[in-house]
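What follows is a set of notes on a single structure, which appears directly below.
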Amino acid sequence: MKRSTLNTILWVLAPIVSALLFTALISVLVGAPAVQPIFEIFNGALESPQKWADVAMAWVPLALVGAGMSLTFAAGLWNIGAEGQIILGAIFATWVARNIALPQVPLLTLIVLAGLIGGAFWGLLTGLLRVYARVHEIFAGLGMNFIATAFIIWLIFNPWKPARGATMSGTEPFPPAAWVPRLGNTRLSLLSVALAIVALLIAYFLLKGTRFGLELRAMGKNIRAAALQGIPTQRHMLSSFTLCGAMAGLAGALQATAIYHRLIPRISGGYGYAGMLVVLLAGFRPIWIPAVALFFAIVGVGSPRLELNMQLDASLGGVFEGAIVLFVLLGAGLRKRLNKSAS
Amino acid sequence: MDPFIINTLASIVATAAPLIYAGVGETLTEKSGVINLSLDGTILLSAMAAFAVALNTGSVLLGFLTAALIGAAIAAIVAVASIELEQEQVAVGFVLTMLTADLSSFLGNPYVNRPGPYLGQYTLPVLGKIPLIGPIFFQHNWAVYGSYVLILLAWWWMAKTQPGLKLRGVGERPESAFARGVNVNVIRYLYTLLGGAMVGIAGATYSLVVKLGWSHNHTAGNGWIALAIVIFGGWDPWKVAGGAYLFGALKALGSVLQRNPAFVNVPTQIFSTAPFALMILFLALTSSGLTDRFLEMFAPPTRRRLENLIRGRAPAALGRPFRRG
């Protein structure tokens, strides 16, 4: 093996080992065993075909949000608003499911379209705030997230409240024609997985194979230089926000129609923020997003086992995820610095 | 005056206190050219730690100290990552936000909904007796009084002192500050840690003063508001404090409206999220082109004064690492 290959492997392993050590340390801090929680997480996610289906189910929104965010990140935009875009997609899809009576196939097509449009609309609004109101996209996105949260709660507690009274458990279930078919007795729908794969492919080819993608990446490197070269930076910003919103909105529509069969207040499930970590860990490269999203899905599905089997809070899974991303970022910086001082 | 109005005003002053600590702390950090985006998570973790330490030791003061140390420690990670490793500051800050929020949930689990110690009320002599002003501003506790002192101190430090001049130079033009013999990165470390400690104190001010105790995501959202307030306040301690009071007023308005029979059908979550959304929209409005057009209606000297009032300029080198030579 060449020395540089070995070197690279070490630089990849070191952050993972550090994150494992950190997680073990945190676990010991509350008087729990050091290593067992990590095993519980992975066992909990991979013990049965039923759980594999859950992992695939959790992978879908992460992959969709990740695919969308690879476009905004490429343009150098910190689109923190995916959470709200997921919510709006779910709201639009719910409106279709509640108000339009059609056979299953055309109805589901409409629902998917509604999700895309709802998310795209919310993404575009964030983009407009960024481009025309000159609000940094982090705050524009957060503001839109807050508004989306208030909006979905208002819908569930007022116009869409179930006959037996409004609760945090959401609206009445949709009519069965609006349910995305599931695989056997699992909660997984193959249609969702297929749509997520399509989104990943679209993001990948847009970034690698089109002029638009090239120009987005030029903007990400240096926005002023890109504008001087005649790249329509404002229009491209709006496009990338809209596309990212569409993909996140699709995730929301699928959460509502394929998993819960209703609209619930926490429909976004934190996937908007988790998706951001996915893209950071993938180093903004779309090709890595499927694998990183799979890792996050596994930890997400396995973590509740900590509560069942060890009486530990499931947030240790999030600690593990966050620690890996942090150590990978620090490791990349350290490597760059050492290379520079060596040369 | 109606005691209800006085009570409401006093509650605005109290709820603004932690945001003042976090906002002014972050202002000091950003003035040096570093963005610490981790505020939302840092406040959560330090609030949890302050409560846990105060509960276990019985000392509220130790709770505050722990919170300050935790805030400084998280800021130290931001500082090393951005100053030494030249990593994207926003990325590191965002990851730290998520990581520390989960840490607070995990480590804070045994402390959820437990009664515990808190910082007692202390009416200031003389000042507390002034009619109207006394009950609104001076019948609180040391954490609230500290927030007043911090505003004054931070303003005086940045505007009137030699080290404050250095701080601004480092954030505006690090190259020329360096040429004048200022050690840019040492100053950045110093203010990142100091700002982080204040964000930690903000956390303790929640769990030991303003929103007693601990629950999952106890303070979530407030760190983002503090970051927005720094921009809203144009990196000026007085205006940052103004933003904190405005946010406190929006919250108070929400809880007044919530009790109004006309709004009985509106879910409480709307009232608790609306101030956050309004604050961000306010920010959008002041920085938008609409405000440009509004300003153009005035003669240049007035325009400049108005613009300084509602808008501030970010430190020129904000977020940019400094390389020697």
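Each chain gets a letter, A, B and so on, in the order the sequences are listed, and its residues count up from 1.
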Between W78(A) and chain B, with a heavy-atom cut-off of 4.5 Å, which part of the residue counts as in contact: side chain, backbone, both or neither? side chain
Side chain, backbone, both or neither: which part of V30(A) has a non-hydrogen atom closer than 4.5 Å to chain B? side chain
Part of E86(B) within contact of chain A (heavy atom distance under 4.5 Å): both
Turns out that what part of L280(A) lies under 4.5 Å from chain B's heavy atoms comes down to side chain
At a 4.5 Å cut-off on heavy atoms, which part of L129(A) comes close to chain B: side chain, backbone, both, or neither? side chain
Which answer fits I80(A), side chain, backbone, both or neither, if we ask what part of it has an atom under 4.5 Å from a heavy atom of chain B? side chain
Identify which part of I138(A) has an atom lying under 4.5 Å from any heavy atom of chain B, answering side chain, backbone, both or neither. side chain
Can you say whether L227(B) sits under 4.5 Å from chain A via the side chain, the backbone, both, or neither, judging by heavy atoms? both
Below 4.5 Å from any heavy atom of chain B, which atoms of F22(A) appear? Answer side chain, backbone, both or neither. side chain
Quick check: does any side chain N or O of S315(A) sit under 3.5 Å from a backbone N or O of F106(B), one acting as donor and the other as acceptor? yes
Is H218(B) reaching over with its side chain to a backbone N or O of G213(B), donor-acceptor style, under 3.5 angstrom? yes
Is there a donor-acceptor pair closer than 3.5 Å between any side-chain N or O of E26(B) and the backbone N or O of N36(B)? yes
Output the option from N158(A), I147(A), L316(A) having the highest count of non-hydrogen pairs under 4.5 Å with chain B. L316(A)
Side chain, backbone, both or neither: which part of A314(A) has an atom under 4.5 Å from a heavy atom of chain B? neither
Does E84(B) pair with R337(A) as a salt bridge, N-O distance under 4.0 Å? yes
With a sphere of 6.0 Å drawn around CZ of R303(B), does it hold more than 12 non-hydrogen atoms of other residues, nucleotides or ligands? yes
Between F146(A) and F139(A), is the gap from one ring center to the other below 6.0 Å? no
Do N79(A) and E137(A) pair up side chain to side chain, a donor and an acceptor below 3.5 Å, judged on atom types alone? no
One option among V80(B), T100(B), V90(B) has the most heavy-atom pairs under 4.5 Å with chain A, and it is V90(B)
L124(A) side chain near F241(A) side chain, heavy-atom distance below 4.5 Å: no
Turns out that what part of I153(A) lies under 4.5 Å from chain B's heavy atoms comes down to both
Quick check: do D313(A) and E307(A) have side-chain heavy atoms less than 4.5 Å from each other? yes
